[in-house]
Structure formats: structure tokens, C-alpha cells
Amino acid sequence: MKVEDFLEVMQSEFFTGVPDSQLKPLCNYLMNTYAIDPKHHLIAANEGNCTALAAGYHLATGKVPVVYMQNSGEGNVINPVASLLNDKVYAIPMIFVIGWRGEPGVHDEPQHIYQGEVTLKLLEDMDIASFVIGKETTAEELRAAMGRFRPLLESGKQVAFVVRKGALSYEGKVAYKNDNKMLREDIIKHIVAVSGEDPIVSTTGKASRELFEIREAKNQGHKYDFLTVGSMGHSSSIALGIAINKPKQRIWCIDGDGAALMHMGAMAVMGNAKPQNLVHIIINNSAHETVGGMPTVAGSIQLTAIAEACGYDTAEKVEDFAALDNALKKAKEAKGLHFIEAACAIGARDDLGRPTTTAVENKENFMAYLQGLE
């Protein structure tokens with residue numbers, strides 16, 4: 001189904017969300033049509049953030065907004081759906097558009113499997129009526145579903161369109177790029193070179209895939225790394241939990257700008273805990289690159305100033321490899337809670353693979369390695 005036909009049925013004027021690869025046609029259409037326009041389209045930090053933004057839009061206009069997300073974001077919306085939107089509270093209508101990763105019977109990555117199994121059940125538990133859109137869904141079927149949804153929206157309920165892989169199409173193209181020079185995979189190679197045998201916690205998406213392949217190329221094994229393949233935004237908290245309990249061991253966290261924004265409160269907690277053995281590196285390409293390249297707001301904020309305000313001992317932004325190596329070596333040698341922002345270009349190898357070990361194998365190898373450290 002063409003995105004244009006899909007949105008014609010929605011009849012909405014405001015869209016907010018967190019990008020998803022299965023919704024890339026929708027995301028690209030919104031970027032081509034509105035770009036980032038607070039009146040019509042905003043990319044939020046996380047899905048709960050989207051939901052609250054959309055609620056504010058409804059309160060101000062009386063109109064029904066659209067919130068888009070990957071199904072992994074359902075967890076982030078449970079609280080605002082249950083305690084803000086629900087018709088037993090404020091009865092705020094909303095249309096959710098949800099990319100269905102991990103759909104039963106469709107091959108996907110391990111972090112999506114269970115989420116895929118419970119996607120429709122979670123919507124049912126939240127009293128959100130849903131309609132599944134597949135490649136075979138016709139515009140007439142979609143209009144009929146929307147006809148059933150209109151009375152629900154008018155009564156202050158929420159509805160959801162769950163989008164299967166390949167269900168939406170869009171012929172328009174969007175080129176996502178920035179002016180930064182360093183590629184993420186090369187940045188990670190420099191981190192690996194300096195960190196040595198120190199444990200690394202890496203964020204979800206291409207960063208963990210690249211770290212895995214770097215270890216493969218170097219024949220180093222994978223015991224040093226915990227690959228946070230899901231749970232976007234939580235890698236720094238995982239690293240903090242490890243650092244607190246392994247105080248004599250330097251711990252490195254390779255984070256992404258989209259992930260850090262999603263749960264930025266973690267930086268305040270980290271700064272307050274102030275472990276003296278943790279290096280937090282945000283590779284900032286100002287994009288949700290893994291799911292298509294749509295922009296984040298990280299290009300227009302000062303992450304180092306945020307880190308300093310949160311209580312990190314050092315905070316530095318680097319834009320070339322000489323500065324990166326210098327910052328990494330200083331963080332390696334000095335006690336403290338260190339923050340490094342690495343300005344990064346958008347782009348990755350077309351042949352980038354995925355981890356060949358299971359998530360459980362990764363955990364067990366990593367834990368065994370940690371247990372052998374002081």
C-alpha cells in the first residue's frame with residue numbers, strides 16, 4: 001500500500017514518533033513532506049515522549065494526532081497510555097502506527113522475537129483496538145477499519161495500525177547526511193585499540209554489529225563485549241552497574257546519540273554515582289541511522305555541557321582521529337568518570353553482518369570474563 005493512500009485514510013495533521021525500519025516509507029514521506037516542523041512533524045526522544053507531545057497537540061487543537069514507532073516502543077507508552085490517555089483518566093484519542101518486528105513466523109533478530117509475540121496482546125491489554133496491515137491489505141479494507149475506529153476515537157479511546165514488513169511503500173527518496181568526517185566503524189576500531197582487554201558495553205544497532213565484526217577481523221573473540229542488541233537507551237546504565245561492581249576495572253560504554261537521548265536521565269544517575277572507572281562515549285551522527293537515517297536533535301544540543309552538568313569528571317568533543325586518540329588515551333590512564341562525544345558521519349558498509357553468536361552466549365562469555373577480573 002502506498003503511504004499516500006494510508007495517510008489519506010488517517011486524515012491527521014500532526015505526526016510524532018521514533019523511527020522504525022519497517023516504517024521507513026512513512027518516515028521518508030514525512031521528512032519529504034514536512035521535514036521537522038513543530039506544527040506537523042516531530043521526532044521525539046522516546047515513545048512516551050511522543051505520546052505526551054501528541055496529547056498536548058490534542059489538548060490545544062481538539063484534533064487526533066498520529067504517533068509512529070517500532071513495536072519495541074510499546075513498553076515506553078504503557079505508562080502514558082494507562083495513566084494519561086485512557087478514557088478512565090483524560091480520554092485523549094490517538095492513532096498509533098506500529099512497525100511489527102519479530103512477527104511470529106517471520107525471521108527476525110533475537111531482541112525482536114518476544115516483543116513480536118506480545119505486540120497485539122499488549123495493545124489488547126491497554127484497551128487499544130488494532131488492525132494489522134500487510135502487503136495484501138487494500139485501501140478499501142483500510143477505510144473500513146478506520147470507519148470502525150472513528151467512534152472509538154470520538155469517545156476518547158486510542159487505536160493502532162500494526163504494520164507488517166513490506167506493507168507500506170513510497171517512491172520518494174531522502175538522502176540523510178551531515179558534514180562530519182569520521183565513520184562509526186573506524187571510531188570503534190580506535191576505541192578497541194585503546195581499550196585493550198577492558199570490558200566494553202555497546203549500544204543497540206549498527207555499533208554492536210560493527211564491534212562484533214571488528215573482533216572477528218582481529219581474531220580476538222567476543223568475551224570482552226556485551227552487545228546491547230535491544231533495550232535501546234540502556235547501555236550506559238548497564239555499564240554503570242558493571243563499573244560499580246568492578247571498581248578496579250576500566251569499563252567502556254559505546255553509546256549512540258539516539259540511544260542516549262532516549263533515556264538521558266541515565267546520565268544524571270551516572271554523574272551522581274560518579275564511578276572512577278567508566279568511560280562513556282557517544283558516537284554522534286545526529287541520526288537514527290540503524291533504522292533509516294532520520295535525524296535526532298543531538299546535532300543542535302551540547303552533549304558535553306550536559307555531561308558536565310550531570311557531574312562527569314571530564315567531557316570532551318572530538319571531530320578527528322588525532323583528537324579521538326588523545327581523548328581515549330587520557331580516559332584510559334586517568335581515574336574518573338569520562339565523557340567523550342565523537343562527531344560521526346552517517347554511513348555504514350553495505351555488507352555489514354550481524355553477530356553469529358546468540359544473545360545468551362554473548363552474556364555467558366562476557367560474565368565469565370568479568371568473573372575473572374578483580
Side-chain angles (χ1 to χ4, degrees), residues 45-46 48-49 76 187-188 190-204 207-208 211 223-228 230-284 296-298 300-319 323-344 363 366-367 369-374:
N46 62 57
N49 182 197
N76 282 335
I187 292 171
I188 296 173
H190 283 247
I191 295 170
V192 167
V194 174
S195 62
E197 296 186 343
D198 294 340
I200 295 176
V201 177
S202 59
T203 189
T204 187
S208 282
L211 176 59
K223 64 182 181 180
Y224 308 112
D225 310 321
F226 183 82
L227 311 177
T228 315
S231 195
M232 181 172 170
H234 294 302
S235 59
S236 62
S237 295
I238 295 169
L240 174 61
I242 296 169
I244 290 170
N245 289 283
K246 291 290 181 181
K248 295 182 180 180
Q249 176 62 54
R250 178 82 69 232
I251 307 297
W252 301 73
C253 175
I254 299 175
D255 212 348
D257 56 291
L261 289 169
M262 183 166 278
H263 295 294
M264 190 175 279
M267 291 179 65
V269 174
M270 191 178 297
N272 184 66
K274 207 183 282 292
Q276 294 298 289
N277 59 330
L278 181 55
V279 185
H280 185 191
I281 304 163
I282 294 182
I283 300 177
N284 183 5
T296 72
V297 299
S300 59
I301 63 175
Q302 297 182 37
L303 290 173
T304 53
I306 293 169
E308 290 172 350
C310 286
Y312 285 65
D313 294 308
T314 68
E316 183 175 354
K317 180 176 182 178
V318 297
E319 298 181 349
L324 173 64
D325 288 339
N326 185 57
L328 292 173
K329 290 173 182 176
K330 287 191 297 183
K332 171 78 171 180
E333 295 167 359
K335 289 184 178 180
L337 172 59
H338 304 292
F339 180 87
I340 301 170
E341 176 189 357
C344 178
K363 180 200 74 170
F366 184 72
M367 288 184 69
Y369 181 64
L370 287 181
Q371 289 169 7
L373 301 174
E374 289 188 15

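Positions are given from 1, in the same order as the sequence printed here. Predicted, not measured: the structure shown is a model, and the values here were computed from it.
When only modelled atom types and interatomic distance are considered, D255 and H280 share a side-chain donor-acceptor pair under 3.5 Å.
Distance alone, capped at 3.5 Å, places no donor-acceptor pair between the D225 side chain and the L227 backbone. N277 places no side-chain N or O within donor-acceptor distance of the main-chain N or O of K248, the cut-off being under 3.5 Å.
Side-chain contact between V201 and F226 is present, with at least one heavy-atom pair separated by less than 4.5 Å.
Note that CD1 of I281 is 5.0 Å distant from CD1 of I340, once rounded to the nearest 0.5 Å. In this structure, NZ in K332 is found 11.5 Å from NE2 in H338, a value given to the nearest 0.5 Å. How far CG of N272 is from CE of M267: 13.5 Å, rounded to the nearest 0.5 Å. Note: E341 CD to N284 CG = 4.5 Å, rounded to the nearest 0.5 Å. With rounding to the nearest 0.5 angstrom, the CG atom of D257 is 11.0 Å from the CE atom of M262. Taking CZ of R250 as the reference point, atom CD of Q276 lies at 9.0 Å (rounded to 0.5 Å).
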**OP:** Just do the side chain to side chain contact (heavy atoms under 4.5 Å, CB included) check on M232 and T203 with the steps written out, would you?
**Re:** CA-CA 7 Å; M232 181 172 170; T203 189; 5.5 Å; no
**OP:** Please test F339 against I282 for side chain to side chain contact (heavy atoms under 4.5 Å, CB included), starting from the C-alpha separation and ending with a verdict.
**Re:** CA-CA 8 Å; F339 180 87; I282 294 182; 3.5 Å; yes
